[in-house]
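Below: the structure, in structure tokens.
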Amino acid sequence: MNSPHEEMWKKLGLNIDSHNALLQVLGGAYGDIYLNQKNRPKGMEYFDFVLSEIHGQRIQELLDEQAAGRKIIGSYCVFVPEEICLAGNASLVGLCSGADFAMEEVEKLLPRNTCALIKSTFGFRLGEVCPYLESADMIVGENTCDGKKKAYETLGTILPKNNLYVMDIPQMKSVEGRALLRGEYVRFIKAVEELTGVTITVESLREGIRTVNTKRAAMHRLLKLRAADPAPISGLDALLANQVFPSDNPARFTDSVNNLCDELEKRIEAKEGAFPAKTPRILISGCPMAVPNWKLPAVVESSGAVIVGEESCVGERNTRNQIDDSGTTIDELIDALTDRYFKVDCAVFTPNNDRLQHIKEMVKAYNADGVIHYGLQFCQPYLMESIPVEKALEDAEIPCLRVETDYSMEDMGQLKTRVEAFIEQLQ
Amino acid sequence: MSGGKFAGIDIGSRSIEFVIVDDNGVVLCSQQRDTGFDPVCEARELVAQYPHDLLMATGYGRSLCEVEFDCPTVTEIKAHAKGAHASISGASAILDIGGQDSKAIALYASGKVKKFEMNDRCAAGTGKFLEIMATNLGFPLDTFGDAALEAQEEINISSMCTVFAESEVTSLIARGADRKAIARGLHYSVIRRAAGMINRISDSGDIIFTGGVAKNRCMTTLLAKHLQRRVLIPEDPQAIGALGAALLAMESTSG
């Protein structure tokens, strides 16, 4: 089947055969996992459409903007501020890293015992199947975990446009740590200005902050509605909105999330849900789930439980906390921006007690019955933290299951048994 | 349901167990056969042969049964907790080592599941590991444990991976090591792994040992010695999952 976008993909240098294979797998998985769900809100149609056109129409849109002079910046991490990109007349897009691809090629460049997310980043580049990566004018890497930090050294050598920019990230929530992050944001502003030729002003930065604040507020509205029983939306659908968050047009995304929320409010009033009332409720906590990584949520929600929150970078860690936009100078706005991002409780920080606290708060806020801690195999920071997380939850008498897995399907049987047994425990 | 008969079927990777209880939970029938390559066919025969009112399936093949017999299912975690607690009360944890998986389950005093651990993807530290090693050393599986217990010394085996352990054993044999001592070392390596799982979820109290590996005397002896805790073996340790499923079927009808 010929896609209307094939010309565009060819121009971007994508490997058409591999890319078609990827889209076919993606479409199949999406049909099985998403479209088979019962009682979906009508507002999800927008997200179904976005996903079906995630490598098509959205790319065309970005390329049209690019032709008109706007730049595209790709990122792999929630520490890269979209506000700064928008202020500099650039779009920020999240880059693909949620599926295994071209693994034999990847393992020529990375040790086999590298987490699936990092391997996927390389797989999408080496397989030439990520149109976001190929079209981006600048790729931002960031020094979060050691795996990513060192992998970027190699990634830099295989980017066709040689356009990797690396941002340093502090590891401690100290005065010095904050100063480091602030300094990196000042440096990033300069880099964006150099890339786009646009000077970032108080007005444009404030505008960028407002746009992203509104987007985060809409997402937060959605997340809070999930506290209702019956849950008005499945965890899979809410995850999809979180996954689309970094790639879609911000204003359109915000409107669509708000429309969805209007519908969910009516559902809650009518006591309608995606699952029946009293369905066991689970909070997922840990590593991010990038598109199309739906493995664990699909297992959970086909085993008789509903996911009511994601304590994750593709979830609440990315969408909570607003930025104060009242500053009247660039310095004040940068301070406010730094304050927001410095609250991100990624497991690369030490110590990281805020995260423990936040997980417990989320359990309470979303009426969760238990927590599944999701760790990607070989992700040291989150796997290390999963043990104190489990301990803290047990002390608070909150059931917790630690799961360690990757993107492959070989452990599906064990995973399903574990998850089902955990759900039985909650009943 | 007065006069009712409740069946539980546990489809494991190596064997299928089938148990029927009456409405007081008394075992009326207990059957076992190899899983083979067509577990559904084996299960169909068992289910047809022994009439019952309600069936509950567990084990890795439970979803096959769900489709075949349109019956409810339960995980092997919950089924083992139920079956073990009904057989021996008062224990704080269960260790189940089956053909290709192992699990440790911590229990509340009521017998409910408090916490559990399972082995990950491979069969290291399970019955399959011991079976392969017994063959390598030329012992029949049912006397492997006894031979290991007779060993005068114990040779430390460091590999837990079946493939690596095989080559470790081969080189020990080549060096002329006593095969009973190697056998004991192999048992001990499984114990260390199992003990690690138990210790993560439960730190004191009696342990109920279930699954086919619980029939191995060396395993039970070494486990008790290593953990310094009492290890209790139910009468038919392999049938505990099926018994639990049958009891859960019984309870499901009593409101």
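Values below: every heavy atom of this structure, side chains too, minus hydrogens, waters and symmetry copies.
- With a 4.5 Å cut-off on non-hydrogen atoms, A/Leu401 touches chain B through its side chain but not through its backbone.
- Applying the 6.0 Å contact sphere to CE of A/Met384 captures no more than 12 heavy atoms from other residues, nucleotides or ligands.
- Counting heavy-atom neighbours within 6.0 Å of A/Gln427 CD, excluding the residue itself, gives a total above 12.
- Around NZ of A/Lys150, the count of heavy atoms belonging to other residues, nucleotides or ligands within 6.0 Å does not exceed 12.
- Under a cut-off of 6.0 angstrom, the local environment of CD in A/Glu361 is crowded, with over 12 non-hydrogen atoms contributed by other residues, nucleotides or ligands.
- Look at A/Glu394 and B/Lys114 and you find no salt bridge, because none of the NZ, NE, NH1 or NH2 atoms lies under 4.0 Å from a carboxylate O.
- Taking 4.5 Å as the limit, every side-chain heavy atom of A/Gln414 sits out of range of all side-chain heavy atoms of B/Tyr60.
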Check step by step if side chain to side chain contact (heavy atoms under 4.5 Å, CB included) holds for A/Arg402 and B/Glu117.
CA-CA 9 Å; A/Arg402 281 189 291 130; B/Glu117 288 254 341; 3.8 Å; yes

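- Counting non-hydrogen atoms of neighbouring residues, nucleotides and ligands closer than 6.0 angstrom, the CG atom of B/Asp203 reaches no more than 12 such neighbours.
- Of the charged side-chain nitrogens involved, at least one lies within less than 4.0 Å of a carboxylate oxygen, so that A/Glu390 and B/Lys115 count as a salt-bridged pair.
- A/Ala421 and B/Ile77 get closest at one heavy-atom pair: CB-CG1, 3.3 Å.
- Within a 6.0 Å radius of CG in A/Asp395, more than 12 heavy atoms belonging to other residues, nucleotides or ligands are found.
- If you measure heavy-atom distances from A/Gln425 to chain B, the contacts under 4.5 Å come from the side chain alone.
- A/Thr417 and B/Arg62 share a side-chain donor-acceptor pair at under 3.5 Å.
- Around CD of A/Glu107, the count of heavy atoms belonging to other residues, nucleotides or ligands within 6.0 Å exceeds 12.
- Note that CD of A/Glu424 is 10.5 Å distant from NZ of B/Lys112, once rounded to the nearest 0.5 Å.
- Using a distance-only test at 3.5 Å, with no hydrogens or angles considered, no donor-acceptor pair links the side chain of A/Glu420 to the main chain of B/Val74.
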